[in-house]
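Beneath this line is the structure, given in structure tokens, with notes to follow.
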Amino acid sequence: MKILLTGGAGYIGSYVAYLLNKLGYEVAIFDNLENGHKWALKNNKFYFGDIRNFSQILEALSDFRPDAIMHFAAYIKVEESTKSPYKYYENNVIGSLNLIKAALMSNVRYFIFSSTAAVYGIPKQVPISEDSMCNPINPYGESKLMVEKILKDIARSNFLKFGILRYFNVAGADIEAKLGQANKNPTHLITRVLRAALGKIPYIEIFGTDYPTEDGTCVRDYIHIKDLAFAHIEVLNYIKKEDKSEIFNVGYGKGYSVKEIIKVAKKITKVDFPVKIGKRRPGDPPKLIADPKKLLSLTNWEPKHNNIETIIKDAWEWECYLNKNPILLEY
Ligand code: UDP
């Protein structure tokens, strides 16, 4: 089976590409390398292009003729999306529309879309199931929900089947595969905490300690990249076998607070890095925890790395590797 991955030079896309390769799929990557890395392409067939450019996508699809597309390419920073909404709608929505149009024109049957728990906004209750109300509180979440709606309408009147994965908080790395998140200015908690342990940033700031949670800091459901990657393959298997479109939460169903993450990171790294209490970051829901029942019951996915210490240990090994090879941040 041939699969084209947009954003396949990025953190999640490159790891899914690696896994697909291992499982014997034929892979091609379409990426503009704005946030992705050349080294993350490995030996995959590569189309340099931008999803905002329809003819570039159509050309790649006409040449590669994939059976499925996995669409990772997107802007993903919540705070930035509140400051530059146009940028987010243009890339995430118009880019996706371009891709879907080219997919239909190229007779691509299966479409796997990277969505996010941010589509839920501030959930009324946790854990969150897929039929909970979607009410995004920032343009990032809104842009992903718009694409979900577009896919639903298009799948109703076409041969295209979609699998939507609503990611919770993805973290960790695979040091053997030499793949992980490589960001010069990371915003994600686990990466920042580990950069603080390495002394790359002077301290970690906790964004708010007055949330309605057990210790006052935000709670998230952190999922290991290795388990997240497998979910893509199992969802693709499911939509193929059942010839059906479906939406899945991808998380473990267990949450950790910011303070808990810091505590585990101090234990793993053996560094007592400085921590400061700061103000709330705009757009942060207090608690996001997945109800993964649907994924567990409909597909063959099972979590294998659902241990917060494993996630942080693997992320730590990767950060130490990056620290020794800073060139990886450059290309
Ligand atoms: N966070 C924090 N300090 C940081 C980075 C993040 O306190 O330096 C908090 C953030 O406010 C959120 C949680 O950690 O409550 C997870 O944030 P992250 O950006 O990793 O993921 P998000 O849930 O926003 O997708």
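For this chain, numbers begin at 1 and follow the sequence in order. In each ligand, atom 1 is the first atom listed, and ligand 1 is the first ligand listed.
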Starting from the N and O atoms of ligand 1, find every protein N or O within less than 3.5 Å and list the pair with its distance.
from, atom 1, to, atom 2, distance (Å)
ligand 1, 3 (N), E205, O, 2.7
ligand 1, 7 (O), E205, O, 3.4
ligand 1, 7 (O), F207, N, 2.9
ligand 1, 8 (O), R192, NE, 3.2
ligand 1, 11 (O), D284, OD2, 2.5
ligand 1, 17 (O), R281, NH2, 3.4
ligand 1, 19 (O), H188, ND1, 3.4
ligand 1, 19 (O), R281, NH1, 3.3
ligand 1, 19 (O), R281, NH2, 3.1
ligand 1, 20 (O), H188, ND1, 3.3
ligand 1, 20 (O), L189, N, 2.7
ligand 1, 21 (O), N169, ND2, 3.0
ligand 1, 23 (O), N169, ND2, 2.9
ligand 1, 23 (O), R220, NE, 2.6
ligand 1, 24 (O), R281, NH2, 2.7

Show the atom names and distances, to 0.1 Å, of all donor-acceptor pairs under 3.5 Å that link a side chain in residues 171-179 to residues at least two apart or in another chain.
from, atom 1, to, atom 2, distance (Å)
D174, OD1, E176, N, 3.1
D174, OD1, A177, N, 3.2
D174, OD2, Y15, OH, 2.6

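- Within a 6.0 Å sphere centred on NZ of K263, other residues, nucleotides and ligands contribute 12 heavy atoms or fewer.
- For the side-chain contact (heavy atoms from CB on, under 4.5 Å) with T209, the qualifying choice from D215, V258, I277 is I277, the only one to do so.
- Between E319 and L198 the shortest side-chain heavy-atom distance falls below 4.5 Å.
- Ring-plane geometry between Y88 and Y75 is classed as tilted, the angle between the planes lying from 30 to 60 degrees on a 0 to 90 degree scale.
- Taking the charged nitrogens against the carboxylate oxygens, K279 and D210 have no contact shorter than 4.0 Å, which rules out a salt bridge.
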